[in-house]
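Everything on this sheet refers to the single structure shown next.
Order of appearance sets the numbers: ligands from 1, and atoms from 1 within every ligand.
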Amino acid sequence: MIIGIDIGSTTTKAVAVQNGKIIKTVKTKAFDAVTSATGALGKLIIESNLNISSVKKIIITGAGAVNINNEIFGIETHKIDEITAIGLGGMFLSKKENVIISNIGTGTSIIEATKEKITHLGGTGIGGGTIIGLSKELIHSTTFENILRLADLGDLSKVDLLIEDISDSGISFLNNKSTASNFGKMLETANKEDIALGIINLVYQVIGVISVFAARSRNNDSVLITGNGSKNIIGRKILEEISQLYNIGFEFPPDAEFATAIGAALSES
Ligand SMILES: Nc1ncnc2c1ncn2[C@@H]1O[C@H](COP(=O)(O)OP(=O)(O)OP(=O)(O)O)[C@@H](O)[C@H]1O
Ligand SMILES: [Mg+2]
């Protein structure tokens, strides 16, 4: 059995892979690299009743990987760069050998993965961390569940300047409810719910549109969404709207938040 551990900026993910199949996944908060790696490994072993002696190797990736330089509990460790891990994990989850991946974590990276080559196309600092940070300051809310609960009740037209505010008809392929300017209206009567939705909308519209441009630049018509950001239900709806406008599909595979850890484990199995 091979274990892949992804020490991300916010959360640590670990997966156990045997014969090319995922047998267990776990998630924990990211602490210092050693605590993250040993904690995730311990959780994985205990929750799945596995025997630690059946672990052949541990492959580590993510922002915190540089800090692990030794064996963990006598098991050899290897490192793989995060971009390669996302590319391998994305190909595995999509079952495709030519895929554009938008990994929405604390920040967002966009990767083209083919059997021959894995390329970092670019990305943006806009990501899950932006949602948490702006929410903390603007609506005094820091838990993800709370932000989503508020946003679910929000009215975007109180926060965003919409096409209907500036034109009697749509503009080009945009419809009257499309955003003309994120936070460009910001009514004084906007409440926490409206602002929460405005924040999530800002983040997912930016990620959606740059993902579309990345896919188009590589002649691809779909984007695989990975990272914890793939699990944001409101974010998904915003990406679906962008998909309609731009004719690029977004895919949300199961286990998307573990894509990077899966890629790490698969790199040596
Ligand atoms: N239950 C949840 N559903 C969806 N998104 C969540 C959930 N909990 C946290 N998030 C968001 O996911 C982000 C972290 O995602 P993820 O774990 O993929 O990032 P990371 O790997 O730690 O960071 P990076 O890859 O950028 O180094 C947080 O900033 C938060 O906004
Ligand atoms: Mg990550």
Problem - Any donor-acceptor N or O pair under 3.5 Å, side chains T108, T124 - result: no
Handout entry: Of the listed options G128, S135, G133, closest to atom 28 (C) of ligand 1 (non-hydrogen atoms)
Key = G128
Exercise for the section: May I ask you to identify the nearest protein heavy atom to atom 13 (C) of ligand 1, giving residue, atom name and distance to one decimal place in Å? Expected result: G105 O, 4.0 Å
Handout entry: Minimum-distance protein heavy atom relative to atom 22 (O) of ligand 1
Key = T10 N, 2.7 Å
Handout entry: N-O pairing of E251 and K96 below 4.0 Å
Key = yes
Practice task
Ignoring hydrogens and angles, state whether a donor on the side chain of E71 or T77 is under 3.5 Å from an acceptor on the partner side chain.
Solution key: no
Completion exercise
Quick look: A63 vs ligand 1, heavy-atom contacts under 4.0 Å, and the answer is neither
Fill in the blank from the handout: Under 4.0 Å from one or more heavy atoms of G107, ligand 1 contributes atoms 26 (O)
Handout entry: Polar contact flag, side-chain donor to acceptor under 3.5 angstrom, D6-T61
Key = no
Handout entry: Nearest non-hydrogen protein atom, atom 12 (O) of ligand 1
Key = N228 CB, 3.2 Å
Handout entry: More than 12 heavy atoms of other groups within 6.0 Å of N51 CG
Key = yes
Handout entry: Nearest neighbour in protein (non-hydrogen) for atom 21 (O) of ligand 1
Key = K13 NZ, 2.8 Å
Practice task
Using distance alone, with no hydrogens and no angle criterion, decide if T114 and N98 have a side-chain donor and acceptor under 3.5 Å apart.
Solution key: no
Practice task
Report the part of E257 (side chain from C-beta onward, or backbone N, CA, C, O) that has a heavy atom under 4.0 Å from ligand 1; answer both or neither where that applies.
Solution key: neither
Problem - Min heavy-atom dist G127 to ligand 1 below 4.0 Å - result: no
Problem - G129 neighbourhood, listing ligand 1 atoms whose heavy-atom distance to it stays under 4.0 Å - result: 29 (O)
Handout entry: Nearest protein heavy atom with distance in Å, relative to atom 8 (N) of ligand 1
Key = F144 CG, 3.7 Å
Problem - Polar contact flag, side-chain donor to acceptor under 3.5 angstrom, N69-K79 - result: yes
Fill in the blank from the handout: If you scan protein heavy atoms around atom 25 (O) of ligand 1, the nearest is E82 OE2, 3.6 Å
Handout entry: Distance, nearest 0.5 Å, that separates CD1 of I100 from CG of N220
Key = 4.5 Å
Exercise for the section: Any pair with a residue in residues 19-33 that passes salt bridge (Lys or Arg N to Asp or Glu O under 4.0 Å), sequence neighbours left out, goes on the list, sorted by first then second residue, please. Expected result: K24-E47, K27-E257
Practice task
Just need the protein heavy atom nearest to atom 24 (P) of ligand 1, so name the residue and atom and give the distance.
Solution key: S9 OG, 3.5 Å
Practice task
Considering the heavy atoms of G227, write down every atom of ligand 1 situated less than 4.0 Å from one of them.
Solution key: 18 (O)
Handout entry: Non-hydrogen atom of A30 closer than 4.0 Å to ligand 1
Key = no
Problem - Identity and distance of the protein heavy atom lying nearest atom 26 (O) of ligand 1 - result: T106 N, 2.9 Å
Practice task
Please state which part of I132 comes within less than 4.0 Å of ligand 1, counting heavy atoms only: side chain, backbone, both or neither.
Solution key: side chain
Problem - Partner of F250 under side-chain contact (heavy atoms from CB on, under 4.5 Å), chosen from S211, S102, S222, S230 - result: S211
Exercise for the section: Give a yes/no verdict on whether any heavy atom in K27 is under 4.0 Å from an atom of ligand 1. Expected result: no
Exercise for the section: Go through the structure and list residues passing side-chain contact (heavy atoms from CB on, under 4.5 Å) with D81, not counting sequence neighbours. Expected result: I83, T84
Problem - Whether I104 lies under 4.0 Å from ligand 1, heavy atom - result: yes
Problem - Cationic N near anionic O, under 4.0 Å, K185 to D160 - result: no
